[in-house]
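Accompanying notes for the structure given below.
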Amino acid sequence: MKPLVFLMLCAAAAPLYAQDDAVLPYRPSVSSPAQLPVPGQLEFETGFLNTRSSDSRRGSLPYTFKLAFNEQWGVLVGGEGYVSEHDDGSPRQRGIGDTTFVLKRAFLIDDATALGLELGAKAPTAKDTIGSGKSDYSINGILSRDFGDIHMDANLNATRLGAYDAGTGRTQTGWSASFSVPVAEKWSATGELSGTHRENTQNTAQLLVAAAYSPNKRLVFDFGVAHGMTSASQDWSLFGGVTLPLAKLW
């Protein structure tokens, strides 16, 4: 299915009865906001992601379900509904990706500032030729702040890897900082720097730029590109997606 057709079909599924509550997109940046969606509103994010390096190609359909129990606590379930990857000299691999479960706590300081904490676990639902075949566990700290019209999300995290090479670190640290700003009535732009570090491996880093279009507060489309800044990073990534409500549970 072509990515644009896929996104339009998802958007058409947005229920009319959720029209009173705005969605809160977490995609497309690496950074997560500290805030949670509207309590009781089940939100869904999906899209496409194509990455390219000198000797590999990878395409996937990422997704995330988000549900807040109140303004402080919520859960996220995400993963890749489909993965297709090909390394030079190897057969193409296809299948579902791994699945991640996250418990999230938001600390609302004031109207402009919020802190967040995410505890995550990755279940190895992908076959070993696509995923690592092992469970990972992570913790992510978040600072979100508004500077006038500019919104910032800064993340600092650590992941305990289930699979790692001998002689390399088992704990991977990650960082990201995204800044978004409205550029028109229904349009906004995002820029982000992010990267990872692990002992005895090369650091990764990337620059991401994206735009978002919101025809109404229940529906947000996004698209953009990311470029790797180190030899260990992917060369280019192209992505697009949509955020919408699925149901109002309470």
Side-chain angles (χ1 to χ4, degrees), residues 26-34 49-60 62 64 76 78-80 83 85 87 97-107 114-126 128-145 150-180 190-210 224-239:
Y26 282 19
R27 53 165 301 120
S29 60
V30 174
S31 304
S32 296
L49 172 63
N50 291 322
T51 61
R52 183 187 69 183
S53 296
S54 58
D55 58 354
S56 66
R57 305 287 186 274
R58 191 178 196 275
S60 66
T64 303
L76 294 80
E80 294 174 305
V83 177
E85 63 180 29
D87 295 330
D98 292 326
T99 305
T100 302
F101 303 89
V102 175
L103 175 66
K104 183 162 186 167
R105 174 68 158 93
F107 303 87
L115 302 175
L117 182 66
E118 296 178 334
L119 302 177
K122 185 201 78 176
T125 52
D128 292 352
T129 52
I130 292 178
S132 68
K134 300 291 184 178
S135 298
D136 299 337
Y137 301 93
S138 63
I139 182 170
N140 184 37
I142 308 169
L143 168 63
S144 294
R145 183 167 176 80
I150 300 175
H151 177 78
M152 179 196 74
D153 294 315
N155 289 198
L156 184 62
N157 51 68
T159 302
R160 185 74 166 171
L161 300 174
Y164 59 100
D165 295 330
T168 65
R170 185 174 184 178
T171 299
Q172 177 176 282
T173 56
W175 58 271
S176 61
S178 70
F179 298 86
S180 59
T190 297
E192 179 186 59
L193 285 171
S194 64
T196 64
H197 169 77
R198 187 158 61 94
E199 186 178 358
N200 295 329
T201 65
Q202 291 184 302
N203 293 340
T204 69
Q206 73 167 17
L207 171 65
L208 176 149
V209 291
V225 63
H227 177 55
M229 302 174 66
T230 70
S231 59
S233 309
Q234 84 289 337
D235 291 338
W236 291 95
S237 296
L238 179 68
F239 54 83

Output yes when a side-chain donor or acceptor of T204 lies under 3.5 Å from a complementary backbone atom of T196, and no otherwise. yes
Mind checking side chain to side chain donor-acceptor pair (under 3.5 Å) for E118 and listing every partner two or more places apart, or none if nothing turns up? K104, N140
I want to check something: taking the side chain as every heavy atom from C-beta on, are L208 and S194 in contact at a cut-off of under 4.5 Å? no
If we only count heavy atoms from C-beta on, is the L143 to M152 side-chain gap below 4.5 Å? yes
Nearest 0.5 Å please: distance from the CD1 atom of I142 over to the CG atom of D153. 7.5 Å
From CA spacing to verdict: side-chain hydrogen bond (donor to acceptor under 3.5 Å, both in side chains), S31, E192: CA-CA 8 Å; S31 304; E192 179 186 59; 2.7 Å; yes
If I compare all heavy atoms of P124 with all of S135, which pair ends up nearest, and what's the gap? CD-OG, 3.4 Å
A123 versus F101, closest heavy-atom pair with distance: CB-CE1, 4.1 Å
Please identify each residue that fulfils side-chain contact (heavy atoms from CB on, under 4.5 Å) with S180, with sequence neighbours left out. H151, T190
Report the residues that fulfil side chain to side chain donor-acceptor pair (under 3.5 Å) with T125, sequence neighbours left out, ordered by chain and then residue number. T99
Using a 3.5 Å distance criterion without hydrogens, assess whether the side chain of S233 forms a donor-acceptor pair with backbone atoms of Q206. no
With sequence neighbours left out, what residues match E199 under side-chain contact (heavy atoms from CB on, under 4.5 Å)? none
What pairs with K122 under salt bridge (Lys or Arg N to Asp or Glu O under 4.0 Å), at least two apart in sequence or on another chain? D98, D136
Nearest-0.5 Å distance that lies between atom CZ in F179 and atom OG in S29: 11.5 Å
S138: which residues meet the side chain to side chain donor-acceptor pair (under 3.5 Å) condition with it, sequence neighbours left out? none
Any residue meeting side chain to side chain donor-acceptor pair (under 3.5 Å) with T159, in chain and number order, not counting sequence neighbours: none
Please enumerate all residues that pass ring pair (Phe, Tyr, Trp, His ring centres under 6.0 Å) together with W236, with sequence neighbours excluded. H227
With M229 via side-chain contact (heavy atoms from CB on, under 4.5 Å) - residues at least two apart: L193, A205, L207
Please name all residues satisfying salt bridge (Lys or Arg N to Asp or Glu O under 4.0 Å) with E80, sequence neighbours left out, ordered by chain then number. R58
S54 backbone acceptor or donor facing D235 side chain under 3.5 Å: yes
Residues in side-chain contact (heavy atoms from CB on, under 4.5 Å) with R105, at least two apart? Q72, W73, F107
In terms of heavy-atom contacts, does OH of Y26 have more than 12 from other residues, nucleotides or ligands at under 6.0 Å? yes
Indicate yes or no: at least one non-hydrogen side-chain atom of D87 is less than 4.5 angstrom from one of D55. no
For residues 167-174, please give each side-chain donor-acceptor pair under 3.5 Å, one per line with the distance, not counting sequence neighbours.
unit_1, atom_1, unit_2, atom_2, d
T168, OG1, D165, N, 3.4
T168, OG1, D165, O, 2.5
T168, OG1, R198, NH1, 3.1
R170, NE, L161, O, 2.7
T171, OG1, R160, NH1, 3.3
T173, OG1, H197, O, 3.3

